[in-house]
There are 2 protein chains.
Amino acid sequence: MIKKVLIAEDHESANISLQKTMEELGITDFHHAFYCDNALERIQREKARNDSYDLLITDLSFEEDSNVQKIKDGLTLIKEARLAQPDLRILVFSASKEAATIELLEKTLLIDGYVRKARNDAKELKEAIEKIANNQRHFPRHLMELVKQKNAHDFTKFDITVISLLAQGTLQKDIPVYLQEHNIKPAGLSSIEKRLNLMKESFGFAKNEQLVAYCKDMGII
Amino acid sequence: MIKKVLIAEDHESANISLQKTMEELGITDFHHAFYCDNALERIQREKARNDSYDLLITDLSFEEDSNVQKIKDGLTLIKEARLAQPDLRILVFSASKEAATIELLEKTLLIDGYVRKARNDAKELKEAIEKIANNQRHFPRHLMELVKQKNAHDFTKFDITVISLLAQGTLQKDIPVYLQEHNIKPAGLSSIEKRLNLMKESFGFAKNEQLVAYCKDMGII
DNA sequence: CTCAGCATTACGGTTTCCCATAAAATAACA
DNA sequence: TGTTATTTTATGGGAAACCGTAATGCTGAG
């Protein structure tokens, strides 16, 4: 049963609708945290008082402002919250549709649910909370599969290293030196060219600039 | 005076908070449109009935789904709405912090206000609507200046066009052709090179890939 | 050990990009 | 109108990237 909920979300308008959703679910004992640090404090405090939260609903991205925070994003908050209270249920409510992020949340951080801010998000939020109350998990399967399909290419660590170096301004011909220094193999210029070509071909791209733009969009680098 | 309002917004949760804001402002005569096409239809219909809307509040990005739309984004909706009803007030409520977009809305499309989905958005929304009711306009000055300051370099329309073309995979040597076709001057290859060099120099960048990465990060392209 | 099969690297020719300089066009001004 | 600035475009040489191919190294099966 979910009775006590903490909402970590900086957008006022999102908070308003979350509040309404809580009310519709008959949950009256909930609090808002507009900053991550405050959210973690509350979790720790209530746990110490033997009055722990049942559920944390959190966004992933928090805007930075003059109020400087130790924890700057939802991902870190989730990790810290898990340390502070291992049995806490966690539901992420975010606009991100990045497959890698959702997969990380589901497979590695083992959160309880993910609802994407989108057309029917309020309805889905209710579903998700009800499922979590019944010890089920809630993830947007359909979406993840779609996104996965779109990424025709599986980016390896090597790929990401190379593209990051390019995005930092490293000359292609200088990349082998860097790779050797960091004991990354293969390190030959031809191997780098080959890999870049493979990536570009699989996306139908013509230039490295396109690849960098794509990886930035996808949050890969 | 603002009495009759149309809200074009696809996210359910954003609609919920907008609804609450309307209620708090004492505006009871408002309607939701979840798709752009429907929003335009409503504007046209009510105008024909001599019962026009006083204000349109719209998002900029709408998610595409199975329900295929003629109008796919807020920018187009705004242009069409202006054609249908020139005296309609328009307030944009969007998460975009792209300076170029806000400037376009303010300077060219001459909308009445812009509120960014952020920490205190509900409060700002009320302010903006009240200002518009008093024939004032509302724009987030501070933000725009911040974004401007941060960018050591002032990106011109030309700069953005060139970088976008690069990010799309256009070969540098093919850009002059594109510029000529679109009547953009200057169009010479040397001018493009000169401009790219200037940008790279002002950031201390070595390669175009870096520039693309930076512009992606900053939301410039 | 030998040899096939694959991955990696090396090399050479071509294209594109980069950069400096010169020519041409345009704007500014008296 | 003529003269000077300024901007834009043209050109050529050199560096980097691109692309195909050949050589080398590594691995595992027989």
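Order of the sequence lines fixes the chain letters, A, B, ..., with proteins taken first and strands second; residue numbering starts at 1 for each chain. When reading the values below, keep in mind they use all heavy atoms of this one structure, side chains included, and skip hydrogens, waters and symmetry mates.
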B:Lys185 side-chain N/O to D:dT9 phosphate OP1/OP2 under 4.0 Å: no
Residues that A:Phe158 engages under side chain to side chain contact (heavy atoms under 4.5 Å, CB included), provided they are two or more places apart: A:Thr156, A:Val162, A:Leu179, A:Ile184, A:Pro186, A:Ile192, A:Arg195
Contacts of type side chain to side chain donor-acceptor pair (under 3.5 Å), residue B:Asp10, not counting sequence neighbours: none
Of all pairs that satisfy side-chain hydrogen bond (donor to acceptor under 3.5 Å, both in side chains), the ones with a partner from residues 76-88 of chain A, not counting sequence neighbours: A:Asp73-A:Thr76, A:Gln85-A:Asp87
Mutual orientation of the aromatic rings belonging to B:Phe203 and B:Tyr214 [parallel < 30°, tilted 30-60°, perpendicular > 60°]: tilted
Results of salt bridge (charged side-chain N to carboxylate O under 4.0 Å, His left out) for A:Lys207 - residues two or more places apart only: A:Glu209
Partners meeting salt bridge (charged side-chain N to carboxylate O under 4.0 Å, His left out) with B:Lys126 (sequence neighbours left out): B:Glu24
Atom-to-atom span, NZ of B:Lys194 to P of D:dT6 - whole angstrom: 12 Å
Residues forming a side chain to side chain contact (heavy atoms under 4.5 Å, CB included) with B:Gln69, sequence neighbours excluded: B:Tyr35, B:Asp37, B:Asn67
Counterpart residues, side chain to side chain contact (heavy atoms under 4.5 Å, CB included), relative to B:Phe34 (two or more places apart): A:Arg119, B:Asn15, B:His32
Range on DNA chain C touched by chain B, heavy atoms, distance below 4.0 Å: C:dT16 to C:dC19
Separation of atom CG in B:Leu189 from atom P in D:dA10, rounded to whole Å: 9 Å
Sugar-phosphate or base contact per nucleotide [nucleotides 20-27 of chain D; S, B, -; heavy atom under 4.0 Å]: --------
Any residue of residues 161-179 of chain A with a heavy atom less than 4.0 Å from an atom of DNA chain C: none
With B:Ala8 via side chain to side chain contact (heavy atoms under 4.5 Å, CB included) - residues at least two apart: B:Ala39, B:Leu56, B:Thr58, B:Phe62, B:Leu77
Residue list, side chain to side chain donor-acceptor pair (under 3.5 Å) with B:Lys72, at least two apart or on another chain: none
